[in-house]
Structures are given as structure tokens and as C-alpha cells.
Amino acid sequence: MNAQIIKLFAFITVCFAVLVGFTSYWAVFDADNLKNERVNKRPLFKAQQIKRGTIFAADGTVIARSTPNGRGASIQYVREYPTAGLFGHPIGYSFISQGNSEFESFHNSELVGDDSEFTSIIDELRGKDPVGHNVTTSLDPVAQQTAFDQLAGRPGAVVAIEPSTGKIRAMVSQPPYDPNQVPEDLTALNRDPGGSLLNRATQGQYPPGSTFKLVTAAAALDSGVIDPDTLIDAPASLNIQGSPLANFGGSAFGEINVETALTNSVNTFFAKLGRKVGEDRLYEYMDRFGFNSKPQIDLPTDEVMTSGVFDSSTGELLSPGEGVDISRIAIGQERLLATPIQMAEVAATIANGGKLMKPQIWDQVRDADGRVLDTMNPDEQSNVISEDSAAELTIAMKAVVTEGTGTAAALSGVDVAGKTGTAEVPGRENCDGLPNQAWFVGFAPADDPQIAIAATVECTDGQGGTVAAPIAAAVMQTLIGE
Amino acid sequence: MGRTVRSSARNRELLALVPVALLLTMGFAAVFGQNDDVLSTLSLSYGLYFLAICLAAHIYIRIRLPDADPYLFPLMALLTAFGLVMLYRLDSEFSRELARDQANWFVLGLVLFAVVVQFLRDYTVLERYRYTIAAIGIGLLLAPRLPLIGAQVNGAYLGVKIGPFGFQPAELAKICIVIFLASYLREHREVLVVGAKRVLGLTLPPLKHLGPLLVVWGAAMFMLIFIRDLGSSLMFFAAFLALLYVATGRFSFVVIGMSMFMVGAYFIYSTVGHVADRVDIWLDPYQDPSDTGFQVLQSMFAQADGGLFGEGFAESIVAIPGTDTQLLPAAQTDLIYSLIVSELGLFGGCAIIAIYLLIAARGFKVALMANDGFSKLLATGLTSVFAFQAFVIIGGVTRVIPLTGVTLPLVSYGGSSILANFILLALLLLISDRARREAQGGH
């Protein structure tokens with residue numbers, strides 16, 4: 001019988017080896033998949049036991065903090081947003097069952113204190129509970145509140161950027177939502193026809209209208225297609241690809257230069273200019289300004305939308321030669337769509353002498369003891385146009401505000417440079433027959449820019465100059481005043 | 001010569017007990033430090049207490065079973081210590097005293113061990129009472145279905161309850177059945193082999209002696225349907241086939257038995273809802289992750305948190321924070337292996353499996369050294385049933401086979417399991433003592 005006993009033992013050894021194999025599979029090889037399994041709540045419970053870091057505004061105002069419930073091993077932290085909806089965008093929310101969104105999601109690893117393995121082992125030996133790091137943003141609560149009040153519940157967005165650094169000083173999207181309500185009301189919020197959970201500043205894709213003429217003008221001036229004194233005949237109307245393209249108000253301007261054309265937002269001038277620049281070159285400048293790829297802001301990529309020309313049926317980005325109408329793109333129409341953050345980047349680039357800085361919301365990461373772990377270093381995203389071209393555009397943009405369509409953006413004692421836009425979007429849903437998308441993009445002070453801005457309002461019967469310019473003015477005033 | 005071998009064996013046993021007590025002390029200290037942030041001498045005294053009990057048992061073995069295998073007792077004590085540490089870690093979570101209860105069962109188990117050794121010096125008398133023992137075993141299996149004392153847990157009838165005392169009779173029944181099988185096969189193994197006929201290329205046992213095979217097969221099927229204890233049924237049948245193979249040396253008998261089991265199991269799978277559910281959950285636990293698939297999924301998720309080295313004692317989430325709801329269900333019994341992997345990692349899990357493998361190795365060594373057929377088969381049967389039980393539950397929580405409720409021997413919380421396994425140890429050591437004495441003394 002001994003031979004059989006030995007074989008039996010061999011069989012049991014094989015059985016046990018299978019157990020070791022399966023244990024290794026679950027515990028090591030397949031562990032990451034299991035941790036990401038939707039029905040696996042363990043990672044969430046674990047995250048709940050870490051005191052998530054506080055998010056501060058630039059002046060130290062608390063935007064988000066975690067407060068403990070219970071004690072000892074069963075302690076759990078709950079996220080709280082003391083300013084309610086004021087920073088709902090772009091900060092987002094962080095709750096166990098609803099997950100993380102926007103800034104809370106992008107900066108999750110800092111907020112939960114993911115350090116190198118080495119540091120956490122030391123902390124473990126010292127018996128310290130894991131604590132997240134605090135993150136300070138560049139957001140200004142006063143500017144945020146001003147933008148909030150100025151939008152006054154109208155759907156739209158405001159983005160204010162410090163041009164020399166790319167710091168986001170204000171980002172507001174309306175209608176707002178209160179992140180504190182997310183645990184109870186997420187389903188209702190998701191169904192909200194007003195789309196309050198949507199951050200329009202980064203995800204709202206709107207026809208940019210005449211504000212896009214800045215990009216056309218930049219491409220033309222910087223590539224030498226025209227100089228500031230080049231005159232182009234601007235009739236009241238042009239026939240482009242079989243349909244008429246007319247100036248607002250139907251006036252003919254005769255031979256004018258780019259400054260006059262920007263000041264009065266002359267469509268026929270820019271339609272012709274667009275053809276002079278050409279598809280390839282215009283696309284090249286659009287790319288440099290950040291179009292056709294996602295803004296490099298510190299928000300999750302799936303919560304940031306690309307700006308560009310989109311095929312209306314497939315939603316795909318269109319490239320030169322794919323049947324785009326360059327004359328209408330040059331004046332911000334056709335199937336061109338842009339996000340408020342993208343248009344703010346256009347303004348910030350011109351304000352910063354032609355250099356686009358990477359837009360960033362965060363400013364500093366500190367550990368729980370207050371030691372600075374990381375600071376945002378301003379980073380140039382691209383050198384878009386020359387300083388001279390930027391200066392030439394600035395002169396024209398000043399004229400827009402002093403004598404053109406953007407006078408409502410003027411501030412007392414400070415020169416403002418800007419450009420209005422009014423895109424007509426007939427047949428848009430949920431707009432109750434109010435067809436316009438009103439825009440203002442600009443910066444101030446014009447000669448020493450401290451703030452660049454884009455403000456837009458959906459579903460209005462007003463113009464960029466009457467609806468969006470006053471909002472931008474008020475926000476810039478707040479930020480310059482400091 | 002004999003004396004030196006003897007004392008060196010016992011000294012090895014004594015020496016092996018020291019790391020066991022150390023492990024217990026360090027484990028308790030780690031759990032205590034984790035939960036209370038203060039290290040007290042309490043954990044140290046636990047270790048000393050445990051060492052004292054083991055020492056008492058060791059001295060008893062030294063006197064009564066001087067030639068017995070030196071490693072079986074320390075290995076089983078090691079498993080118990082492992083279990084005690086894990087239960088101690090669960091105490092603060094459940095506000096219960098699982099570890100203390102288990103320690104008491106351990107003491108009681110050792111007392112029972114001593115009683116068996118004392119009164120069953122000549123264990124061969126068991127052969128004489130094999131039908132009585134078989135009847136007791138089957139009676140024990142049926143007890144959970146009896147009115148008044150039967151208790152249903154998770155759709156299976158696993159326990160009896162008399163007043164405040166719960167008891168899982170299958171644990172004791174496994175020893176009774178193994179004794180019966182060992183004794184029956186010792187007597188009939190020759191005729192089973194000699195009378196075998198070849199039919200269609202398969203060697204079939206003679207019909208006349210096929211009876212017991214059919215009876216045991218029937219009993220296993222019966223358990224599946226009537227007691228709904230899939231796990232025990234699996235473990236019994238595996239041990240039965242192992243014994244049949246060792247007794248007859250005919251692998252074809254195993255194949256026949258296995259296919260009969262498969263056919264029966266398939267029939268039951270398609271007719272009995274409880275069994276079908278278990279199998280369906282095993283195949284796809286995600287079909288109902290919050291209800292029927294909950295246990296096995298939580299077991300996998302807990303193991304995923306463990307990684308190579310585990311999260312550390314008392315670091316794994318057992319109850320949903322802020323509530324008493326268990327996230328890892330049955331963490332003190334069926335799923336204790338998942339908890340071990342979660343907190344001590346793949347290495348902790350491998351350590352447990354290695355201990356079971358070592359016990360199996362020593363158990364089969366006892367069987368190899370035994371001189372008579374009954375001793376060989378009894379040692380083989382006891383070792384097999386012990387090893388298969390570990391396989392059934394670890395395999396269940398790691399999704400090798402459907403998850404069924406059997407205890408992880410000596411580690412899971414539960415008195416019946418501890419008592420039964422110390423009776424099993426007593427029998428193994430009795431066989432071993434006699435075998436080695438005969439080998440040395442040259443009877």
C-alpha cells in the first residue's frame with residue numbers, strides 16, 4: 001500500500017499547489033483588476049479612512065475639507081464644501097459612493113497623500129495615520145463671487161487667467177450646483193435639464209463668433225500675410241460658396257486695415273483675410289493657440305473638451321482639406337466650436353506677448369504640518385506669435401473697447417483690450433428662441449496685463465458687447481483692484 | 001539505542017513548540033499594539049499560558065506516547081496559534097471574545113486528546129465496533145435534520161443546537177466514517193482486487209463487494225440532498241476514494257467512483273436548487289454581487305488587498321466602517337483564510353498551506369511506518385480527510401471549487417472542529433507510537 005500512499009501524498013501536494021496558484025492570482029496577479037471592480041467597495045472604504053487634504057482658495061478661504069465621523073478604527077471622513085456652489089466648478093466633489101470629479105479627481109493622489117513607499121513606511125513605523133496633503137489653488141473667491149453674481153443665473157461661463165503664469169484666477173460655470181448635495185441628489189443632478197453638473201468653462205463647446213477673429217488676425221499678422229497698414233476692401237456682403245456672408249448691420253466699410261476691421265468686427269474683411277491666410281496656416285496657428293487638442297489644464301481629460309472644427313454628424317475633428325469653409329471659420333462660424341477656457345487662452349496668449357502659458361488651477365501642495373511639498377512652476381505651452389504681432393493685436397483690441405463693439409468692458413482709469421463676439425445659433429434646444437451666444441474675451445490693463453478673461457452667455461437675444469462685456473469688466477476690475 | 005531515539009524525538013517536539021509559543025506571543029502583541037496603541041504584558045502572558053498548556057500536553061505525550069511522531073502535535077498547535085491570533089484580531093471588531101472561547105476549546109480539545117490516548121491504547125478494538133461506529137457517524141450526520149435540535153445555516157443543515165450549545169456533528173462524523181472505511185477495506189481489500197473483472201477495458205470490482213462502495217456513494221449523495229452540506233459531502237467522498245485507492249491499488253475504482261459522483265452530482269445540480277445556486281455562483285459570482293455572489297466576491301476582494309505581504313494585522317477592513325455590518329462575511333469561520341491573505345498576504349496564505357502540507361506529510365509518514373493494514377488505512381484516512389477539508393474550504397474561498405461551509409481545520413472559530421481534530425491527532429499519534437515502537441523494539 002505504501003506506493004499508493006506516496007502517490008496520494010503527491011496528489012494532495014498538487015491540490016495544495018493549485019491553492020497557492022489561485023491565491024497568488026487573486027492576491028497579486030489579478031489584484032489590480034479586482035480593486036477596480038465596480039462592486040468592490042473596499043478601496044472606497046479605505047479612502048474614507050484617510051483624512052483627505054483641504055483645498056484652499058488663493059487667499060486661504062477653505063473650499064473643501066474633510067470632517068471626521070466616529071473614532072478609532074471605524075473613523076470615516078466626509079467631504080464638506082463650506083462655500084456651497086461657489087467653487088462647485090472647477091473643484092468638483094469627492095464622495096465615497098459617488099466618486100471624485102474635476103479638481104478633486106485630478107489632484108486625488110496629493111489629496112490622499114500618496115507619497116513614495118519610503119515615506120509611508122516611516123509614517124507607519126511612527127504610528128501616524130495616513131493624512132492627505134493640502135492643496136492651495138490660485139482661485140480668487142471675490143472674483144469667483146463677482147462672476148457668479150454677474151452671470152446671475154444665466155447659463156454661461158467665465159474664465160480668468162493670469163497671462164504671465166497661466167494661473168486660473170476665476171472659473172465659474174452656471175447654472176451652479178452645490179457639491180454638498182451630491183451624496184443625496186446625484187441622480188437628480190445628472191438628470192437636470194439645465195446641466196448644472198457640466199463645467200461649461202471647460203466642457204461647453206460653443207461657436208466662438210467674432211472672438212475668433214483674433215486668431216485669424218494673429219495668424220495673418222504673425223505670418224506676414226498682412227501688416228497693420230495693409231488695406232482690404234470690405235463690402236457689405238460677399239457671396240461665399242453660394243450663400244451670402246454679410247456684415248452685422250449691413251454696412252460696407254471700403255478699404256480698411258485690420259485695426260478698423262477688429263474694432264467694428266467686419267465680417268467681409270476677415271472672410272477675405274481667412275482666404276489669404278489659407279487653411280493650412282490658419283490651422284497651424286489654431287494648433288499653437290491650443291485648438292484641436294485638449295487644454296493642458298489640471299482637470300481630468302474626460303472633463304475637458306477640445307476646440308476645433310467638428311463634423312456635425314460624427315463629432316470628429318475636421319482637418320484642412322476635409323471640406324471646411326475657411327471664410328466662415330475665419331469669422332468664428334461654420335462648424336467651429338470653442339470652449340471658454342480655450343478663448344481665455346487666446347486672450348492670455350496675446351496679453352503675454354504671444355506666449356501661451358499652461359493654464360493651472362493648483363498653486364501649492366503642503367503636507368499636514370505645513371511644509372511645502374510642491375509649487376506650480378509656470379510652464380510655457382507654446383510660443384504662438386511674436387511679441388510684435390501681440391503688440392499690434394493689443395492696439396486693435398484697445399480700440400475695440402474704446403470706440404468699437406466692446407465699450408461696455410471699459411474700466412475707469414485702466415485700459416482694457418478685448419474682442420466681442422455674437423454667434424447666432426438658431427434652433428438650439430432649451431433656449432426658448434433666444435438664439436445668441438454672447439462672448440467677450442480680453443485682458444487688462446492693456447499695457448501691463450494682469451488678467452485675461454473669457455466670458456460667455458448662452459441663449460440670449462443680446463450681443464457680446466452688451467451681455468458678456470459687462471461681466472468680464474466686473475471680474476477684471478475685481479482682480480486688478482487687488 | 002531505543003531510548004536515545006525516543007528522547008530525541010520528544011526533545012524535537014519540545015523544541016518545535018517554542019516557535020509556536022513565540023508566534024502566538026508576537027501575533028498577540030502585534031494585534032494588541034495595532035488596536036490599542038499601547039503594548040501591554042497581557043499578550044506576553046497569553047503566550048506563556050499557551051506554552052504552559054502545550055508543555056502539559058507534551059509531558060503527557062512523553063509519558064504515554066514516547067515514540068509518537070514528534071512534529072504532528074507542534075504543527076497542529078501552530079495552526080491553533082495562528083487561528084487564535086486571527087480571532088484575537090477580530091475580537092475588538094466584533095466586541096466578542098472569540099479568542100478566549102477558542103482557547104478554552106483548545107484546552108478542552110487537549111483534555112479529550114488525553115482521554116482518547118488514555119482509554120484507547122489499543123485502538124484496534126475500533127475494528128470490532130465498526131458497524132456501531134458507522135451507525136453513530138450516520139446518526140451524527142442526520143442530527144441537524146432532527147426536529148428541536150436541528151439548525152439551518154445558509155440553506156445547509158450543518159449544526160445542532162441544544163440549549164445554548166451549538167455543535168457541528170459532521171466534524172465528528174468524519175472520524176467515525178474513516179474508522180469504518182479503514183476497517184471495512186482492510187478486511188475486503190483482497191477480494192475487491194481478486195474478484196475484479198475487466199469489462200470494456202475497465203477493471204470493475206466484484207458486484208458482491210461493491211455494496212459498501214455504493215453505500216458510501218449513496219451516503220454522500222444523500223448528504224448533498226438531505227443535509228445540503230456540499231462541502232462535507234465533497235470531503236467525505238474524496239477521503240473515501242483516497243482510501244479505496246490506497247487499499248486496492250486500483251486507479252480504475254477511483255475513476256468509477258469519481259464518475260458515479262459526477263453523474264450523481266450533475267443530477268442533483270439539475271434538480272436541487274441549493275446545489276445549483278452554489279455552482280452558478282462559483283462559475284459567475286458577478287451575476288448577483290450583493291446577494292448570492294457576495295461571499296465569494298468579498299473573499300476575492302479581501303485577498304486582492306493583501307498582495308505579497310498583506311496589509312498587516314488588524315489593517316484589513318472586516319466590517320463596513322461605522323457600522324457592524326460585515327463586509328467580509330464569516331471572517332471568523334469560512335472566510336478566515338481570505339482574512340489571513342488580506343492581512344498577511346500571499347506569504348501568510350502560503351504559510352498556512354505549507355503547514356497543512358507538512359501535517360499531511362507527517363500523517364502519511366505515520367501510515368507508511370505502520371505495520372498492519374488497519375493502522376495504515378486509518379492513518380491514511382484521517383490524514384486525507386484532514387487535508388481534503390483544508391482543500392475544500394481554501395479552494396472554496398479562492399474559487400478553485402464552489403464555496404461551501406466547512407471549517408478551516410484548527411484555524412476557524414468553532415469548538416466541534418477543535419475537539420474533532422484533537423481526537424484525530426490522538427488517533428494518529430497512537431498509530432505512530434505503536435508503529436515506531438514496533439520498528440525499534442522489533443516485535
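So that the names make sense, note that chain A is the first sequence line, chain B the second, and so on, each numbered from 1.
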If you count heavy-atom pairs within less than 4.5 Å of chain B, which of A/Ala31, A/Ala27, A/Ser24 leads? A/Ala27

About how many Å separate OH of A/Tyr93 and OG of A/Ser105, when rounded to the nearest 0.5 Å? 9.5 Å

In this structure, are over 12 heavy atoms from other groups packed under 6.0 Å from A/Lys294 atom NZ? yes

Chain A contact via B/Ser342 - side chain, backbone, both or neither, heavy atoms under 4.5 Å: side chain

Centres of the B/Phe388 and B/Phe236 rings: under 6.0 Å? no

Verdict with reasoning, B/Tyr337 to B/Thr398, per side-chain hydrogen bond (donor to acceptor under 3.5 Å, both in side chains): CA-CA 9 Å; B/Tyr337 178 78; B/Thr398 52; over 6 Å; no

Per-residue tally against chain A (heavy atom, under 4.5 Å) across B/Gly349, B/Gly306, B/Cys350, B/Ala360 peaks at B/Ala360

Contact class of B/Phe251 relative to chain A, heavy atoms under 4.5 angstrom: neither

Hey, would you say the A/Tyr81 and A/Phe87 ring centroids sit under 6.0 Å apart? no

Flag the one option from A/Val28, A/Asn40, A/Leu34 with the top tally of heavy-atom pairs under 4.5 Å to chain B. A/Asn40

Mind ranking B/Leu357, B/Leu377, B/Ile394 by heavy-atom pairs under 4.5 Å with chain A and telling me who comes out on top? B/Leu357

Which word best sums up how the rings of B/Phe391 and A/Phe16 line up, parallel for under 30°, tilted for 30 to 60°, or perpendicular for over 60°? parallel

At a 4.5 Å cut-off on heavy atoms, which part of B/Val400 comes close to chain A: side chain, backbone, both, or neither? both

Out of B/Ala354, B/Gly310, B/Ala361, return the one with the most heavy atom pairs under 4.5 angstrom to chain A. B/Ala361

Can you classify the ring geometry of B/Tyr184 versus B/His188 as parallel (below 30°), tilted (30 to 60°) or perpendicular (above 60°)? parallel

With a 4.5 angstrom heavy-atom cut-off, is it the side chain or the backbone of A/Tyr25 that approaches chain B, or both, or neither? neither

Which one of B/Gly395, B/Ala379, B/Gly293, B/Ala387 has the most heavy-atom pairs closer than 4.5 Å to chain A? B/Ala387

Part of B/Arg189 lying under 4.5 Å from any heavy atom of chain A: side chain

Less than 4.5 Å to any heavy atom of chain A: does that hold for the side chain of B/Ala302, its backbone, both, or neither? both

